[in-house]
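Down below is the structure, laid out as structure tokens.
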Amino acid sequence: MPAPPIIALVDCNNFYVSCERVFAPRLEHRPVIVLSNNDGCVVARSNEAKALGIGMAVPEFTVRQIIKKHDVQVLSSNYALYADMSQRVMEVLEQFCPDLERYSIDEAFLSLNGFRSRHLCEYAQSIRATVKQWTGIPVSIGVADTKTLAKVAGRIAKRGGGVSVITRSDEKELASLSVSDVWGIGPAYARSLGQHGIMTALQLRQADNQFIKKQMGIVGLRLVMELRGIACLELEQCPVPKQGITCSRAFSRMLSSRDELEEAVSSYVTRAAEKLRAEHLAVRRLTVFVQTNEFKNVPQHNASTTLRLPMATDTTHELIRAALACLRNIYRKGFEYRKAGVMLTELVPIGQVQADLFDGQDTTQNRGRARKLMTALDSVNARFGSGTLQYASSGIERTWKTQFQKRSPAYTTDWKQLPLVG
DNA sequence: TCTGGGGTCCTAGGACCC
DNA sequence: TCTGGGGTCCTAGGACCC
């Protein structure tokens, strides 16, 4: 019988906070949090901040007392820095194990097939030490037979030691883990399982298949099988093609005029189209949505509309034209809008775009010109900073733009902001 | 009077993830 | 005063067809 596959989950500890600490050692041993766009919600917490009871994803203003009382260090998020640090961590991991799935910005699954079990713990420890030494980022590593069990092991590793290896016969660890801490169990499932007396990961593993299928569908059944050590989720080494691209933001203040919403939507489409071209894709379907403030007792108008384009495109001005048409459809005067967004779906590789049968010679020439313009636009913005060249419809003043009051410098991605020594 | 059933495609909504 | 953003997958139900 072949040995079961062995999966390691490498998870960066408190990733955004750890990135900030690499460049600002004064943040060590102190409570630190990182905030989302517009400094709205807490998206990362140091262990010290967690110990103070600051929850994940809570609005900043709800923990302001704690911040003040304990001198919590507060930072705006700096995604350019985190993406760059993530890349560095992944490159170190690839040196240890080329069979790797980049699962998220701060996590990777590694296939450790072929390692004998008694060496797994040492090997994981050496990965951990090397990542810390070469990048400054602390990681935890969980090792097990399946992805879901490796996630469980990762949870255990974070309790201390940094590495945890569990086997399918281990019951103690599963019994010590709340069902809501299992990968794939969110608040809704945790509640319904709890009502049936299933409180721990071990109880979930022992639950009846039919019951699970009924409560949580096929996804839930797969999850339980994985907890039993039966692999249902493969390591995805080749990045799967993107299904959609979204760009949406809450404004820094409420907007009611159509002109301002048009600026915002234009600039979101511009960003989405840049992502599209970076992936060498074109889009057939575009959705625009607007939202009022759901947290306030004010008149609400949440609406979205979708347009199917006559032909797949990656050209910014074509997409802006389509998006503004959508916006005119859903905009209603007299509401205070808090957020808007653009979603691109039905993506196709740009090389496979079917030429429209009814396209004449003129249109073909226009497409060639548009392609050259987009290439020039992207290279100028890459060279001189994003937003150097932009469409007038995106506005000039843009007082609604997302705010980052406490952002750290782009230490690693901008020469002008390199940290100085001495 | 009698009021099918199965397949496919699409969409909206729910649940989850980081 | 102040509440993120970007994804995935599955399912139920309606429309439509034969």
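The shown structure was predicted, so the numbers you read here are calculated from the model rather than taken from an experiment. Chain naming here is simple, since letters A, B, ... match the order of the sequence lines and numbering starts at 1 in each. Note that these values count all heavy atoms, side chains included, but never hydrogens, waters or copies made by symmetry.
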- [ ] Would you indicate what R102(A) reaches in the nucleic acid, counting non-hydrogen atoms under 4.0 angstrom: base, sugar-phosphate, or nothing?
- [x] nothing
- [ ] Give Y103(A) one of three labels, base, sugar-phosphate or nothing, depending on what nucleic acid heavy atoms sit under 4.0 Å from its own.
- [x] sugar-phosphate
Can you identify which nucleotide, out of [options], has its nearest atom closest to the [X] side chain?
X       : options                  : answer
K339(A) : dC16(B), dG5(C), dG7(C)  : dG5(C)
K296(A) : dC18(B), dG5(C), dT1(C)  : dT1(C)
I218(A) : dC2(C), dC9(C), dT11(C)  : dT11(C)
A250(A) : dG7(C), dC16(B), dG5(C)  : dG5(C)
F295(A) : dG7(C), dC18(B), dT3(C)  : dT3(C)
K275(A) : dC10(C), dC18(B), dG6(C) : dG6(C)
C247(A) : dG6(C), dT3(C), dG7(C)   : dG6(C)
F61(A)  : dT3(C), dC18(B), dG5(C)  : dT3(C)
R64(A)  : dT8(C), dT1(C), dT3(C)   : dT1(C)
I245(A) : dG5(C), dC9(C), dG7(C)   : dG7(C)

Task: Value in whole Å for how far the P atom of dC16(B) lies from CZ of R222(A) - done: 15 Å
Task: Atom pair distance, as rounded to whole Å: CG in D181(A) and P in dC18(B) - done: 11 Å
Open item on the list: Using the C1' atom as the point on both nucleotides, what is the distance between dG4(B) and dC17(C), in whole Å?
Closed with: 14 Å
Task: Donor-acceptor contact present, side-chain R222(A) to main-chain L233(A), <3.5 Å - done: no
Task: Flag, side chain of T315(A) to backbone of E318(A), donor-acceptor distance under 3.5 Å - done: no
Open item on the list: Using the ring centroid of each side chain, check whether Y189(A) and W183(A) are separated by less than 6.0 Å.
Closed with: no
Task: Base partner of dT11(C), which must satisfy Watson-Crick or wobble distances under 3.5 Å - done: dA12(B)
Open item on the list: Please compare Q243(A) and F251(A) by the position of their nearest nucleotide in DNA chain C and report the one closer to 5'.
Closed with: F251(A)
Task: For A312(A) against A282(A), the heavy-atom pair lying closest together - done: CB-CB, 3.9 Å
- [ ] For T135(A), enumerate each residue passing the side-chain hydrogen bond (donor to acceptor under 3.5 Å, both in side chains) test, keeping only those at least two apart in sequence or located in another chain.
- [x] none
